[in-house]
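In what follows, a single structure is set out as structure tokens and then discussed.
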Amino acid sequence: MEPADYLRELAEAHKMTYFGIAELTAPEVKNFIVGQGSSAVAGYPVALTVGLAASRALVDLLPGANDLILETYRHHFYEVQGGRVAAMLSILCGELQEQGYAALPISAGPKAIDRTRLSALFSDKLAPHLAGLGWIGKSCMLITPRHGPRVLWGTVLTDAPLKATGSPIPSRCGNCRACADICPAHAYTGRDFDPTEPREARFNPMECLKYMKQREAEGKQGTCGLCLYVCPHGRH
Ligand code: SF4
Ligand code: SF4
């Protein structure tokens, strides 16, 4: 069996919703990685990506949600789902390392971020985008045709000689700007993703964080998720 097929079977055996392989060697991809503040890990030629779809019923409760629902959502999405993705990354890294390759896991989640830039060590959207699993939407999230942005992603960077499983899907956001319109923090500009522009041309993460902090200062649950909820590509 080909190594890529074996890794995909592992991901499927652990009930991951998505699996893909992205090649990171193109100069424009390298520039994007460095521009995102990830120069420390920009030398890897390949990224594996796994994604786990969120509970649709739970995300659908977010508009008007009280603190108990918001805490239930936060716990399930980041701790329960995030824990499963992180465990999957550990398994994939173990397999690659035993075969003699370097393998570096990048888990998603609100705690694994640079606090000044509010960005992760490596963008969790980049690998699924390059692997053909979705496009980067006006919300700066990875939008899949089946589950929209309602997916938690994780990445393994590696030097294993694996081939890409797909190519980027062009944006299907069209005239939609539902994520920008619903955001209570006005954190989005409503611009389409353009890899040559900085993230701040589309999204100001500080405004999102300020909104969460303001809620906490008022004694409320500091979670939102409305941009995740509203995307028509994840709603049924
Ligand atoms: S989580 Fe809420 S506040 Fe933050 S960007 Fe999304 S809609 Fe705006
Ligand atoms: S809500 Fe609309 S504009 Fe925003 S990411 Fe989804 S499709 Fe794109």
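Both backbone and side-chain heavy atoms feed into the values below; hydrogens, waters and symmetry mates do not. Note that the coordinates shown come from a computational prediction; the quantities given were computed from them, not determined experimentally. Every number for a ligand or one of its atoms is a count from 1 in the order of the listing.
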### Task
Examine Cys227 and say whether one of its N/O/S atoms is closer to atom 2 (Fe) of ligand 1 than 2.8 Å.
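Checking Cys227: none of its N, O or S atoms is under 2.8 Å.
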
### Query
Quick one: SG on Cys224 to CG on Leu62, what's the gap to the nearest 0.5 Å?
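Separation between the atoms: 8.0 Å.
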
### Ile91 CD1 to Leu96 CG distance, which is reported to the nearest 0.5 Å
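If I round to the nearest 0.5 Å, the distance is 12.0 Å.
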
### Task
Go through ligand 1 atom by atom and flag the ones less than 4.0 Å from a non-hydrogen atom of Cys224.
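Taking each heavy atom of Cys224 in turn, ligand 1 has 1 (S), 2 (Fe), 3 (S), 7 (S) under 4.0 Å.
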
### Query
By number and element, which atoms of ligand 1 are closer than 4.0 Å to a non-hydrogen atom of Gly225?
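Answer, ordered by atom number: 1 (S).
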
### Element-labelled atoms of ligand 2 that are located less than 4.0 Å from some non-hydrogen atom of Cys231
1 (S), 6 (Fe), 7 (S)

### Task
With heavy atoms of His233 as the reference, note each atom of ligand 2 found under 4.0 Å away.
7 (S)

Provide, to 0.1 Å, the distance between [atom] and the closest protein heavy atom, together with that atom's residue and name.
atom                    : value
atom 5 (S) of ligand 2  : Ser139 OG, 3.6 Å
atom 8 (Fe) of ligand 1 : Cys183 SG, 2.3 Å
atom 4 (Fe) of ligand 1 : Cys208 SG, 2.4 Å
atom 2 (Fe) of ligand 2 : Cys176 SG, 2.3 Å

### Query
Where's the contact between Met212 and ligand 1, heavy-atom distance under 4.0 Å: side chain, backbone, both or neither?
side chain

### Task
State, yes or no, whether a side-chain contact exists between Thr17 and Val151 at a heavy-atom distance under 4.5 Å.
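Sidechains of Val151 and Thr17: no contact.
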
#### Entry: Crowding at CD, Glu218 (>12 non-hydrogen neighbours, <6.0 Å)
yes

### Query
Do any of the N/O/S atoms of His186, backbone or side chain, fall under 2.8 Å from atom 8 (Fe) of ligand 1?
no

### N-O pairing of Arg150 and Asp60 below 4.0 Å
yes

### Query
Are Thr223 and Gln221 linked by a side-chain donor-acceptor pair shorter than 3.5 Å?
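Thr223 vs Gln221: donor-acceptor pair found between side chains.
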
### Task
Mind telling me whether Phe193 and Phe32 have parallel, tilted or perpendicular rings, with 30° and 60° as the class edges?
perpendicular

### Task
For Ser123 and Thr155, work out which heavy atoms get closest and say how close.
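That would be O-OG1, 4.5 Å.
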
### Query
At under 4.0 Å between heavy atoms, which part of Pro232 makes contact with ligand 2: side chain, backbone, both or neither?
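Only the side chain of Pro232 comes within reach of ligand 2.
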
